[in-house]
Amino acid sequence: MDTPRGGTGRFPSTTASHPLVTSARHLAGTLLAPHAEEVDRSEVPAAHLTEIRRSGLLGVNAPKEYGGSAAPASVVRETAEILAGACCSTWFVQTQHHTPVLTPARSEGPVGERLLGPLSRGELLSGVAYAHLRAYPRTPVRVTRDGDGWRFDGRVPWYTGWGLNDVMLVAGVTDADEALFAFTEAREQPGLRASPPMRLIALTAARTVSLELDGFRLPEEAVALRTPFARWAATDRAKTVAANPAVFGVTEAALALVDEGTAAPLRARLTKVRDRAYALADHPAPGGHLEERLALRIQAYEVPQAATTAAVVAGGGRALSLTNRAQRLAREALFLMVQGQTQASRRTHLDALMI
């Protein structure tokens, strides 16, 4: 297996030699990549997630005092690239975990003390059910006060890791226009019902479902965050305009399938976009340069499209087999193109395609 991005020298030595980067590379080379086509046709094995739990990667951004690593952003991005380039389905399940880790860290309620340690140490694996908040002012999930707790009603269109996660972070909008996030067990309960896993062109293995919430009730102590929606949206916007490291990881994996003469100019394009995107991500004002960051996010999609197409062309008819890596990477690139999409990013992408 070609180790994703090995030998490029792009990352500083302190990042490349970080224990979590070493662990990610080991998992990618010995477990994830060798079985990626098999996983793509079935589902993410519990054994994959067990090894990720043991590796400490679930705590990459978690506070050290709770058993996490509080690693630099460069390490977080590097490990994401490696995992996504090796097996995007496995990456997608575990990446859901990182927002739930940070959310109780900001909570003043009991849920933080109860869950932050197990989440940081990888003893619990969490999913997220909050992307629908980005549809605001439409509110697919409404949260209302119900006695000393909260009632959730509506539909969560996408929830990844069903049957694989231990807990989930579910969110909705209150009558006071607050975003409310709460933890619950990731299983069917009174008022919470899951659809069958969706059949998608890629990452079906990640077990994505929709959730129907009909009078689903959670106690006050389950609440991890309650904040004015406008405040949450401002913070979230800075995330949604960022280029996804997984895109770069899939691109590198595709470039490993073509000859160096083909790969070199594509890798130069990749490096240019990635370096600028990461420089802006590390800017001291995270809410700045939003338009440029969004433009770079769109540019980032162009490189995997070219790289995965090159891998399919280089593979010829063999690349059309479901056991072939090139076609899997091409489908994953399409998936990542719309994953995390917002109305603003969709419009910007469509405008760019018309130039």
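Computed from a predicted model, the values in this text were never measured in an experiment. When reading the values below, keep in mind they use all heavy atoms of this one structure, side chains included, and skip hydrogens, waters and symmetry mates.
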Side-chain donor/acceptor pairs under 3.5 Å, residues 63-73, sequence neighbours excluded:
unit_1, atom_1, unit_2, atom_2, d
Y66, OH, E113, OE2, 2.7

**OP:** Hey, could you give me each pair passing side-chain hydrogen bond (donor to acceptor under 3.5 Å, both in side chains) that has a residue in residues 178-187? Not counting sequence neighbours.
**Re:** T174-E178, E178-R226, T184-Q189, E185-R187

[Y]/[X] salt bridge by N-O under 4.0 Å criterion:
X: E220; Y: R145; value: yes
X: D146; Y: R217; value: yes
X: E221; Y: R114; value: no

Subject >> Audit row: R267, E260, salt bridge (charged side-chain N to carboxylate O under 4.0 Å, His left out) steps and yes/no >> reply: CA-CA 10 Å; R267 186 171 287 112; E260 188 54 31; 3.4 Å; yes

Please tell me whether [X] and [Y] are part of a single hydrophobic cluster in this structure, the criterion being side-chain heavy atoms less than 4.5 Å apart.
X: L334; Y: W158; answer: yes
X: L329; Y: I201; answer: yes
X: V170; Y: L164; answer: no
X: Y130; Y: V143; answer: no
X: L192; Y: V173; answer: no

Subject >> Residues V75, E78; criterion side-chain contact (heavy atoms from CB on, under 4.5 Å); working and verdict >> reply: CA-CA 5 Å; V75 170; E78 171 75 337; 5.5 Å; no

Excluding sequence neighbours, so at least two apart, what forms salt bridge (Lys or Arg N to Asp or Glu O under 4.0 Å) with [X]?
X: D166; result: R53
X: E123; result: R121
X: R155; result: E212

Original post:
With sequence neighbours left out, which residue pairs that include part of residues 202-225 fulfil the ring-ring contact (aromatic ring centres under 6.0 Å, His included) condition?
Top reply: none

**OP:** Scan for ring-ring contact (aromatic ring centres under 6.0 Å, His included) pairs involving residues 322-347, sequence neighbours excluded, and state none if there are none.
**Re:** F92-F335

Original post:
Any luck finding a side-chain donor-acceptor pair between Q96 and N165 under 3.5 Å?
Top reply: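 N165 and Q96 do not have a side-chain donor-acceptor pair below 3.5 Å.
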
Original post:
Do the side-chain N and O atoms of Q327 and R331 include a donor-acceptor pair separated by under 3.5 angstrom?
Top reply: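 Side chains of Q327 and R331: pair found under 3.5 Å.
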
Specify the closest pair of heavy atoms between [X] and [Y], including all atoms of both residues, with the distance to one decimal.
X: L116; Y: V101; value: CD1-O, 3.2 Å
X: R77; Y: A281; value: NH1-CB, 3.8 Å
X: V250; Y: C88; value: CG2-SG, 4.2 Å
X: P34; Y: G29; value: CG-O, 3.4 Å

Has [X] got more than 12 heavy atoms of other residues, nucleotides or ligands less than 6.0 Å from its [atom1]?
X: H26; atom1: NE2; answer: no
X: R318; atom1: CZ; answer: no
X: E188; atom1: CD; answer: yes

Subject >> Residues in side-chain hydrogen bond (donor to acceptor under 3.5 Å, both in side chains) contact with D177, at least two apart in sequence or another chain >> reply: Y136

Subject >> side-chain hydrogen bond (donor to acceptor under 3.5 Å, both in side chains) against T103, all qualifying residues, sequence neighbours excluded >> reply: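 side-chain hydrogen bond (donor to acceptor under 3.5 Å, both in side chains) check on T103 returns nothing, list empty.
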
All N/O donor-acceptor pairs, side-chain side in residues 300-309, below 3.5 Å, sequence neighbours left out:
unit_1, atom_1, unit_2, atom_2, d
Y301, OH, R297, NE, 3.3
Y301, OH, R297, NH2, 3.1
Y301, OH, L336, O, 3.4
Q305, NE2, Y301, O, 3.3
T308, OG1, P304, O, 2.6
T308, OG1, Q305, O, 3.4
T309, OG1, Q305, O, 2.6

Original post:
If we only count heavy atoms from C-beta on, is the W91 to L32 side-chain gap below 4.5 Å?
Top reply: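 In short, these two side chains do not touch, never coming nearer than 4.5 Å.
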
**OP:** Could you note down all residue pairs passing salt bridge (Lys or Arg N to Asp or Glu O under 4.0 Å) where residues 191-209 supplies at least one of them, sequence neighbours left out?
**Re:** E43-R207

Original post:
If you look only at pairs with a residue in residues 228-244, which of them pass as a salt bridge (Lys or Arg N to Asp or Glu O under 4.0 Å), with sequence neighbours excluded?
Top reply: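 Checked against salt bridge (Lys or Arg N to Asp or Glu O under 4.0 Å) - neighbours excluded - the pairs reaching residues 228-244 are R134-D236.
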
Original post:
Parallel, tilted or perpendicular for W162 and Y159, by the 30°/60° rule?
Top reply: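 W162 and Y159: perpendicular rings.
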
Original post:
So, the side chain of H132 versus the backbone of G172: is there a donor-acceptor pair under 3.5 Å, distance only?
Top reply: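 Such a contact is absent between H132 side chain and G172 backbone.
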
